[in-house]
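For the numbers below, each heavy atom of this structure counts, side chains included, while hydrogens, waters and symmetry mates do not. All values derive from a computational prediction rather than experimental measurement.
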Amino acid sequence: MSMKKDYEDIPGTFVFDADRSREGYHLNQFCISLRLQKNRDAFNANEEAYLDKYPMKPEQRDAVLKRDWNRLLELGGNIYYTSKLAANDGINFQNLAGLMTGMGVDAYRDMMLNGGRKVDGNRFKKEWGEE
Amino acid sequence: MSMKKDYEDIPGTFVFDADRSREGYHLNQFCISLRLQKNRDAFNANEEAYLDKYPMKPEQRDAVLKRDWNRLLELGGNIYYTSKLAANDGINFQNLAGLMTGMGVDAYRDMMLNGGRKVDGNRFKKEWGEE
Amino acid sequence: MARITAGVGVSHVPAIGVAMDTKITDQPYWQPVFKGFEKSREWMKEKKPDVIFLVYNDHCTAFDASCIPTFALGCAAEFQPADEGWGPRPVPVVKNHQKLASHIAQSLILDEFDITIMNEMEVDHGLTVPLSVMYGDMTPEDEWPALVIPLAVNVVQYPAPTGNRCFNLGKAIRKAVESFDEDLNVVIFGTGGMSHQLQYKRAGLINAEWDKRFLDLLTEDPVFASKIPHVEYLREAGSEGVEMVMWHVMRGALDEEVVEVHRHYHVPASNTAVGHIILENKAA
Amino acid sequence: MARITAGVGVSHVPAIGVAMDTKITDQPYWQPVFKGFEKSREWMKEKKPDVIFLVYNDHCTAFDASCIPTFALGCAAEFQPADEGWGPRPVPVVKNHQKLASHIAQSLILDEFDITIMNEMEVDHGLTVPLSVMYGDMTPEDEWPALVIPLAVNVVQYPAPTGNRCFNLGKAIRKAVESFDEDLNVVIFGTGGMSHQLQYKRAGLINAEWDKRFLDLLTEDPVFASKIPHVEYLREAGSEGVEMVMWHVMRGALDEEVVEVHRHYHVPASNTAVGHIILENKAA
Ligand SMILES: [Fe+3]
Ligand SMILES: [Fe+3]
């Protein structure tokens, strides 16, 4: 509440703190359930029916169904959880990053091979023209 | 291991430390499973078959089947766990204490009504003639 | 700003819950136990806490032997009364102040307390009996008059956290509460004890003299009280008497100087000495 | 007496495990990653630890969001490699030194670290990848050459324990190990990192300069390194770079002065900068 969030000015990043964790709880619990094969089978057989077991918000459910990876994070998802949904779809961490950054899988892989995203210009939201 | 146990000279008492916890693990996990009605039903229908699910030592299993309440503690059981087995048998904490002390339920209840067991003479094993 | 105005120490004997749930509190055995809470119920009505921070221990109910947190802070929206082997107690569901709870969790971890965050948890008699004795009879259809933040402390497997650690945790909880920007009256409960031993051949141990000294120290010399070593609880107050370390969390969250506004002590309730104290910060 | 003789810092990137499990370590992409562990594998053969105390984090595998311990110490007899969504890794089951583990748990709690004791736990790539890179290829039929005591640290939900807390935990682990009456050679691993961000629009962040300074500080000025605030990891080393707090546990368990016997740094492995260091106590 009054605890100041000194990490809120980092661009393109969600810090998974208590507020986000609370918001994303049922979404994240759904995602982690896909760790087990029997749950993956049930989800893949009928996504809507499987999702009914998790009382998440409609926009979270919608983002799951649409595989809107960034929206999932915006709505309280955490990458270690959402990556379980991605794994179910055959998307590994690197390709998921390609999608989330909007770069696409190949350009992202090339960036990584060239040493990754530089920190200069990527420390503060204001450097991204955000506030 | 080399951590000295300054509580080992208290008579008539088991301190549920890591060594006891390790020894009693499967026994205690069996007992706590009886917290739930469906497990109580299964246990009461066939005790031997139910116990097969818990890889406890033969003497622990034997003490369960015989309801040897003190032996259960000697073999690594903890009272908060073994009391779940007692509850299944309709024995509450006070009556269980009556059994464990060897006093019987009525004499134990009378002792409690008269202020309980005095601490004088009950602090050290040597006061009980034990070593 | 939120503030802790008072602390309550209180036993949480399961048989007290059973006596209330089966409506036998006016029997001669139970009458003196409950008599001592009449003033407390009046005090709760006057005090009207918005939030109770309730320090208790789970008795192998929500936690089995597979996972034993030293300090587990309840951050879920609500907590159902648990079936402990004879059906759940017929009392209201316990509702959390979720934002305050997770604020406290964050603050404690940054203050180097190694809290376990619980986002799902059932609560046993250790938590519901103190609410029952302090608020009186309630049905599952009622609502507890306050929100409740549960802190479960391991006192089942040796070693429990030290008295000193508990006392310092109380201080850190106070700091966390006071840095929360909502005007809330918080009362903290420390529960468990007093002297009792439930197990083996020494079961039934009661040490009234020791208990009363503990209550005196709690009011007058809490730092000294917080230094009592585990072996003294075990030897003098019975193997389950070590639950009293939880009272130091409560005391640490209060001012150095407090006013003792109520005390109650009775033997027995089942196997246990019932103790109860209400302490107010002077400024409150 | 048991003693901690050396410390290992090492990344635990899941893709490194996949590369080993699918036998593609000699591909040009992976060859330089594994080249840097050749010396480490020799060192392990010489050093022959009896026990590895392995500090790692669970990646929402054994722990879901319902229960989040800050420090969870594995006291079970053994730990199965977990299915993280693509089947368990084909590596040996991890066996504990159960008596030492529970001795450490007791000692830590009495030293006022609020450990969660785990008597059942699966272990994910965070624990098995460091063993794989340090020991080389192993099948499920093999045995890890050392017993392993796992310590899982929460670094997923903010806040992780502070660097300072981790460093002091390392000291307390050392004290616990040294009070254990069996002649054991213990090596401690701190894992995770180095710079990486897996999520959202800034994913792919790598800060080689910062990472190298971190490795330098770890050897030369560990106290200073342990004071680095969370926000610096998050900003400079990426949101998942905060895993590096776990390296301070390892460093805190060593002497003030250590010898750096090996270092390896390579970008990239998947999204991550791979870092690795071996530090020995001088007396060892
Ligand atoms: Fe209790
Ligand atoms: Fe990791």
Side-chain angles (χ1 to χ4, degrees), chain A residues 5-7 9-18 20-21 24-26 28-29 31-37 40 69-70 73-74 77-88 90 92-94 96-98 100-103 108-109 111-119 122-124 128, chain D residues 13-15 18 28-29 57-66 68 82-87 122 124 126 155-160 195-211 229-242 267-273:
Chain A
K5 299 188 177 183
D6 55 7
Y7 45 76
D9 61 351
I10 304 172
T13 303
F14 287 112
V15 175
F16 189 64
D17 60 15
R20 305 203 69 77
S21 163
Y25 186 70
H26 296 292
N28 289 320
Q29 290 295 82
C31 289
I32 199 175
S33 76
L34 300 180
R35 183 165 89 75
L36 301 177
Q37 188 62 48
R40 291 195 288 273
W69 305 109
N70 281 351
L73 301 180
E74 290 157 7
N78 169 273
I79 186 66
Y80 289 116
Y81 292 94
T82 60
S83 64
K84 306 285 197 267
L85 176 60
N88 176 69
N92 66 21
F93 273 109
Q94 186 166 18
L96 185 56
M100 288 183 294
T101 56
M103 298 173 71
Y108 181 85
R109 186 183 160 99
M111 175 180 78
M112 293 316 298
L113 280 170
N114 288 312
R117 186 185 304 282
K118 303 284 170 260
V119 72
N122 291 312
R123 290 186 175 91
F124 296 97
W128 284 29
Chain D
V13 188
V18 175
Y29 184 94
N57 67 290
D58 179 81
H59 302 77
C60 308
T61 305
F63 298 98
D64 65 20
S66 67
I68 307 168
D83 183 353
E84 302 179 51
W86 50 87
E122 294 187 338
D124 75 6
V155 296
V156 172
Q157 180 164 330
Y158 183 90
S195 57
H196 66 305
Q197 174 153 340
L198 301 177
Q199 53 136 345
Y200 211 47
K201 299 177 186 170
R202 203 176 70 139
L205 189 99
I206 298 287
N207 191 341
E209 205 178 321
W210 194 93
D211 287 341
H230 286 341
V231 68
E232 183 174 334
Y233 294 96
L234 297 168
R235 194 188 307 284
E236 297 292 330
S239 50
E240 281 63 59
V242 77
V267 176
S270 180
N271 302 287
T272 306

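Per-residue heavy-atom pair counts under 4.5 Å with chain A were compared for D:Leu234, D:Val156, D:Val18, D:Asp83, and the maximum is reached by D:Asp83. Looking only at heavy-atom pairs under 4.5 Å with chain D, the residue among A:Thr82, A:Asp17, A:Ile10, A:Leu113 that has the most is A:Ile10. When each of D:Val242, D:Asn207, D:Ile68 is checked for heavy-atom pairs under 4.5 Å with chain A, D:Asn207 comes out on top.
Nearest heavy atom pair, residue D:Gln199 against residue A:Ile79, reads CB-CB, 3.8 Å. Taking every heavy atom of both residues into account, D:Cys60 and A:Ile32 meet most closely at O-CD1, 3.1 Å. The two residues D:Leu198 and A:Ala97 come nearest to each other via the heavy atoms O-CB, 4.3 Å.
Residues A:Arg123 and D:Leu205 have side chains not in contact (no heavy-atom distance under 4.5 Å, counting atoms from C-beta outward). In this structure the side chain of A:Met112 never reaches within 4.5 angstrom of the side chain of D:Ser270, judged on heavy atoms. In this structure, D:Tyr29 and A:Arg109 have side chains that are in contact, with non-hydrogen atoms separated by less than 4.5 Å.
Ring geometry for D:His59 versus A:Tyr80: interplanar angle over 60°, hence perpendicular rather than tilted (30 to 60°).
In terms of the side-chain hydrogen bond (donor to acceptor under 3.5 Å, both in side chains) criterion, residue partners of A:Asp9 (sequence neighbours excluded) are, by chain and number, D:Arg235. For D:Trp210, the side-chain hydrogen bond (donor to acceptor under 3.5 Å, both in side chains) partners two or more places apart in sequence, or in a different chain, are D:Glu232.
With a 4.5 angstrom heavy-atom cutoff, A:Asn78 touches chain D only via side-chain atoms. Contact of A:Tyr25 with chain D is made through the side chain alone, with heavy-atom distances under 4.5 Å. Only the side chain of D:Pro14 comes within contact range of chain A, with heavy atoms under 4.5 Å apart. Within the 4.5 angstrom heavy-atom criterion, atoms from both the backbone and the side chain of D:Glu236 approach chain A. Interface remark: A:Trp69 contributes no atoms to any contact with chain D (heavy atom separation under 4.5 Å).
A donor and an acceptor atom, one from each side chain of D:Asp64 and A:Tyr81, are nowhere located under 3.5 Å apart.
Here the side chain of A:Tyr108 pairs a donor or acceptor atom with the backbone of D:Gly204 at under 3.5 angstrom. Checked by atom type and distance alone, the side chain of D:Gln197 never pairs as donor or acceptor with a backbone atom of A:Arg117 at under 3.5 Å. Judged by distance alone, with hydrogens and angles left aside, the side-chain atoms of A:Gln29 form a donor-acceptor pair with the main-chain N or O of D:Ala65 at under 3.5 Å.
One finds no salt bridge joining D:Asp124 and A:Arg35 here, because no Lys/Arg side-chain nitrogen approaches an Asp/Glu carboxylate oxygen to under 4.0 Å.
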